[in-house]
Amino acid sequence: MQQMSIGIKINNIKKKLGLNQALDGVSTHFEEGLLHGLIGPEGAGKTTLLRTLLNLLTPDEGTVQFTNHGADIDYNSIRSSIAYMPQQQSLYADLSISEHLDFFRDLYQIPKDVYLKRREELLHITRLDKFIDRPAGKLSGGMYKKLGLMCALLQSPAAILLDEPTNGVDPISRREFWDLLHRLSKENILIIFATAYMDEAERCDRVHILSTGSLIAEGTPRGVLERENVESYDALFIKRAAEGVL
């Protein structure tokens, strides 16, 4: 069976949450097999967009279209191939790393031979293999986030959406987390990574810059900066604020 290669196209997505226009006509293309950065400050609309892509929220206007190897495909047929890592992860403080993996094996109904191989791979690449008996409640912030990512990856998804996974994580753990993501991106997994850290933009293959529900710039990390004639993404936001765009 051919491996899935998922892409997502969105057109003029609008979503109002209460009195707040959380998304205001967002259109973009998350190309298959790339690591996409969804960049913006708190309140930019990143979480709302991720939840809309996952069909957890219904847009007021606009469309979300999934593709597999470039051909349109129904979301329900690939739903089990998409993993989501929310900002607030629901891990169990008293369960060890090993027990979490066993729990998600049963939840995803993964065959034993497939599970054992995947478990070994994930423990190795996250460097958590020496801590399998440690309860989640006693993990450092970076290790906790890695455990959450492992649980999401256990089912070998074709796409993974991560909502600010490095928020509050120390610099060393952030670097290790990004090393892990770049390793995963080589497996042709679509990765959409939401972050408020401007410096993380340049680690992505493509960036999509959000502010107050609108897409203000997108493209390759270096291409966006050159097009906007700025040296950094912080400078881009300062420039747009001066222009009255933000």
Side-chain angles (χ1 to χ4, degrees), residues 5-15 21-50 52-53 62-67 69-70 85 159-246:
S5 186
I6 293 176
I8 309 174
K9 299 176 182 177
I10 60 175
N11 181 48
N12 196 36
I13 293 294
K14 295 185 179 182
K15 182 62 181 180
Q21 188 68 50
L23 296 173
D24 192 11
V26 177
S27 298
T28 192
H29 180 199
F30 297 107
E31 298 174 59
E32 56 191 39
L34 297 181
L35 199 167
H36 294 262
L38 196 58
I39 316 294
E42 183 178 352
K46 302 186 298 297
T47 296
T48 302
L49 181 54
L50 291 181
T52 302
L53 297 181
T63 59
V64 178
Q65 180 60 60
F66 289 82
T67 62
H69 292 282
M85 186 174 166
I160 182 166
L161 282 57
L162 305 106
D163 196 353
E164 302 203 36
T166 55
N167 186 30
V169 174
D170 66 88
I172 293 176
S173 294
R174 279 178 65 192
R175 185 177 68 241
E176 290 179 343
F177 200 96
W178 273 101
D179 288 344
L180 175 57
L181 289 181
H182 284 133
R183 184 167 179 169
L184 291 171
S185 69
K186 294 177 182 178
E187 299 178 13
N188 199 42
I189 298 174
L190 168 65
I191 301 173
I192 303 177
F193 184 103
T195 181
Y197 293 126
M198 298 296 123
D199 62 301
E200 293 187 321
E202 297 201 43
R203 297 174 180 265
C204 304
D205 297 318
R206 300 287 186 277
V207 291
H208 312 262
I209 314 298
L210 281 177
S211 179
T212 58
S214 297
L215 188 68
I216 63 171
E218 64 179 339
T220 64
R222 182 49 50 184
V224 168
L225 295 180
E226 291 176 352
R227 192 162 58 249
E228 297 289 336
N229 195 29
V230 292
E231 293 296 322
S232 69
Y233 284 89
D234 287 318
L236 170 59
F237 274 86
I238 292 171
K239 175 186 176 183
R240 289 306 182 95
E243 294 170 347
V245 175
L246 304 185

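All values derive from a computational prediction rather than experimental measurement. For reference, positions follow the sequence shown, starting with 1.
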Fill in: Rounded distance [0.5 Å steps], OG1 in Thr195 versus CG in Asn167
7.5 Å
Worksheet, complete the sentence: Of Arg206, His208, His29, the one forming a side chain to side chain donor-acceptor pair (under 3.5 Å) with His36 is His208
Practice prompt. Could you tell me whether the side chain of Asn12 and the main chain of Gly62 form a donor-acceptor pair under 3.5 Å?
Written response: no
Worksheet item: salt bridge (Lys or Arg N to Asp or Glu O under 4.0 Å): which pairs involve residues 216-228, sequence neighbours left out?
Response: Glu202-Arg222, Glu228-Lys239, Glu228-Arg240
Discussion item. For a quick test of reading the model, state the closest non-hydrogen atom pair linking Leu190 to Gly7 and the distance between them.
Written reply: CD2-CA, 4.3 Å
Practice prompt. Identify the two heavy atoms, one from Pro221 and one from Ala201, that lie closest to each other, and give their separation to 0.1 Å.
Written response: CG-O, 3.5 Å
Discussion item. For Ser27 versus Leu215, what's the shortest heavy-atom pair and its separation?
Written reply: O-CD2, 3.3 Å
Response to the item:
dist Met85:CE -> Phe193:CZ (nearest 0.5 Å) comes out at 8.5 Å
Worksheet item: So, does Ser232 use its side chain to make a donor-acceptor pair with the main chain of Ala235 at under 3.5 Å?
Response: yes
Worksheet entry | Contact check, side chains of Leu210 and Val26, non-hydrogen atoms, under 4.5 Å | yes
Worksheet item: Can you check side chain to side chain contact (heavy atoms under 4.5 Å, CB included) on Phe177 and Leu162, steps first, answer last?
Response: CA-CA 12 Å; Phe177 200 96; Leu162 305 106; 4.2 Å; yes
Discussion item. Which heavy atom of Phe66 sits nearest to which heavy atom of Leu53, and what is that distance?
Written reply: CZ-O, 3.2 Å
Item to complete: Show your reasoning for whether side chain to side chain contact (heavy atoms under 4.5 Å, CB included) applies to Leu180 and Glu176.
Response: CA-CA 6 Å; Leu180 175 57; Glu176 290 179 343; over 6 Å; no
Show every donor-acceptor pair shorter than 3.5 Å between a side-chain atom in residues 37-48 and any protein atom, with sequence neighbours excluded, or say none if there are none.
{"from": "Lys46", "atom 1": "NZ", "to": "Gly40", "atom 2": "O", "distance (Å)": "2.7"}
{"from": "Lys46", "atom 1": "NZ", "to": "Pro41", "atom 2": "O", "distance (Å)": "3.0"}
{"from": "Thr47", "atom 1": "OG1", "to": "Gln87", "atom 2": "NE2", "distance (Å)": "2.9"}
{"from": "Thr47", "atom 1": "OG1", "to": "Asp163", "atom 2": "OD1", "distance (Å)": "3.3"}
{"from": "Thr47", "atom 1": "OG1", "to": "Asp163", "atom 2": "OD2", "distance (Å)": "2.7"}

Worksheet, complete the sentence: All heavy atoms of Val169 vs all of Pro165, minimum pair found to be CG2-O, 3.9 Å
Worksheet item: Does Arg174 make a cation-pi contact with Tyr197, if we ask for NZ or CZ under 6.0 Å from the ring centre and within 45° of the axis?
Response: yes
Fill in: Distance in Å, Ile209 CD1 paired with Thr28 OG1, rounded so as to fall on 0.5 Å steps
10.5 Å
Worksheet entry | Side-chain donor/acceptor of His182 to backbone N/O of Arg203, under 3.5 Å | yes
Discussion item. To check you understand the geometry: which heavy-atom pair defines the closest contact between Gly219 and Val224, and what is its length?
Written reply: N-CG2, 3.6 Å
Practice prompt. With rounding to the nearest 0.5 Å, note down the distance linking CG in Leu181 to SG in Cys204.
Written response: 9.0 Å
Worksheet item: Under the side chain to side chain contact (heavy atoms under 4.5 Å, CB included) criterion, do Ile192 and Leu49 qualify, and how do the steps go?
Response: CA-CA 11 Å; Ile192 303 177; Leu49 181 54; over 6 Å; no
Practice prompt. Report the distance from atom CG of Leu236 to atom CD1 of Ile216, rounding to the nearest 0.5 Å.
Written response: 5.0 Å
Item to complete: Could you check Ile10 against Thr52 for side chain to side chain contact (heavy atoms under 4.5 Å, CB included), going step by step and ending with a plain yes or no?
Response: CA-CA 10 Å; Ile10 60 175; Thr52 302; over 6 Å; no
Discussion item. Could you measure the distance from the CG atom of Asn188 to the OG atom of Ser5? Nearest 0.5 Å is fine.
Written reply: 4.0 Å
